[in-house]
Amino acid sequence: GPRPHETSMYKKMPDWAKVRFNTKPGISGLAQVKGGINISWEKRWEYDLEYIKIKSFMVDLKIIFNKILIILVNND
């Protein structure tokens, strides 16, 4: 699920992005495997909403697998 934000961030978020709080947070998400720290907050929120729409056990497995690959490739 989406990574949790500081509560102060909630006040700054547009209403469309607050939907991400309707799902449980996770240890990683689409934003972390598709863009990492190099993407805007709005793009991260878009990925979070995409995850909410398609979430399933298989999607979670793909995210975990991709996160492991990212860690392995970036630690050469």
Side-chain angles (χ1 to χ4, degrees):
R3 300 279 310 271
H5 283 297
E6 295 178 21
T7 53
S8 61
M9 179 67 83
Y10 184 83
K11 295 175 186 175
K12 299 174 186 175
M13 296 173 82
D15 288 338
W16 64 265
K18 292 178 181 178
V19 174
R20 66 186 304 281
F21 291 98
N22 293 340
T23 192
K24 290 184 179 184
I27 58 171
S28 191
L30 285 180
Q32 287 72 41
V33 297
K34 287 191 172 187
I37 62 170
N38 300 319
I39 59 174
S40 68
W41 283 110
E42 285 193 357
K43 191 65 180 170
R44 291 178 198 204
W45 299 330
E46 288 174 17
Y47 283 134
D48 290 344
L49 297 182
E50 180 182 340
Y51 171 81
I52 291 168
K53 291 177 186 175
I54 63 169
K55 69 180 176 178
S56 70
F57 181 71
M58 288 306 295
V59 169
D60 288 342
L61 285 178
K62 288 178 185 178
I63 290 171
I64 291 168
F65 179 74
N66 284 325
K67 186 65 174 184
I68 291 169
L69 285 177
I70 290 167
I71 291 168
L72 293 175
V73 168
N74 290 331
N75 283 329
D76 287 345

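Throughout, residue positions are numbered sequentially from 1 according to the sequence presented. Please read all numbers here as calculations on a predicted model, not as lab measurements.
With sequence neighbours excluded, the residues satisfying side chain to side chain contact (heavy atoms under 4.5 Å, CB included) with Ser8 are Glu6. Legend: residues meeting side chain to side chain contact (heavy atoms under 4.5 Å, CB included) with Val19, ordered by chain and number and at least two apart, are Asn22, Leu49. For Phe65, the side chain to side chain contact (heavy atoms under 4.5 Å, CB included) partners two or more places apart in sequence, or in a different chain, are Leu69. When the side-chain hydrogen bond (donor to acceptor under 3.5 Å, both in side chains) test is applied to Lys43, the partners found at least two apart in sequence or on another chain are Glu46. A search for salt bridge (Lys or Arg N to Asp or Glu O under 4.0 Å) contacts involving Glu42 returns nothing, not counting sequence neighbours. Listed by chain and number, the residues in a salt bridge (Lys or Arg N to Asp or Glu O under 4.0 Å) with Lys67 amount to none (sequence neighbours excluded).
Within the 4.5 Å cutoff, the side chain of Leu30 has no heavy atoms near those of the Asp48 side chain. Between Lys12 and Trp41, every side-chain heavy-atom pair lies at or beyond the 4.5 Å cut-off.
Cluster partners of Ile37, using a side-chain heavy-atom cutoff of under 4.5 Å among ILVMFWY residues and allowing indirect links: none.
Smallest separation of non-hydrogen atoms from Ala31 and Ile39: O-CD1, 4.0 Å.
Linking ILVMFWY side-chain heavy atoms closer than 4.5 Å, directly or via other members, places Met58 and Ile63 in two distinct hydrophobic clusters. The hydrophobic clustering, which links ILVMFWY residues whose side-chain heavy atoms are closer than 4.5 Å, places Ile52 and Phe57 apart.
For residues 27-38, the pairs satisfying salt bridge (charged side-chain N to carboxylate O under 4.0 Å, His left out) are Lys34-Glu50, with sequence neighbours left out.
At most 12 heavy atoms of other shown residues, nucleotides or ligands fall within 6.0 angstrom of atom NZ in Lys62.
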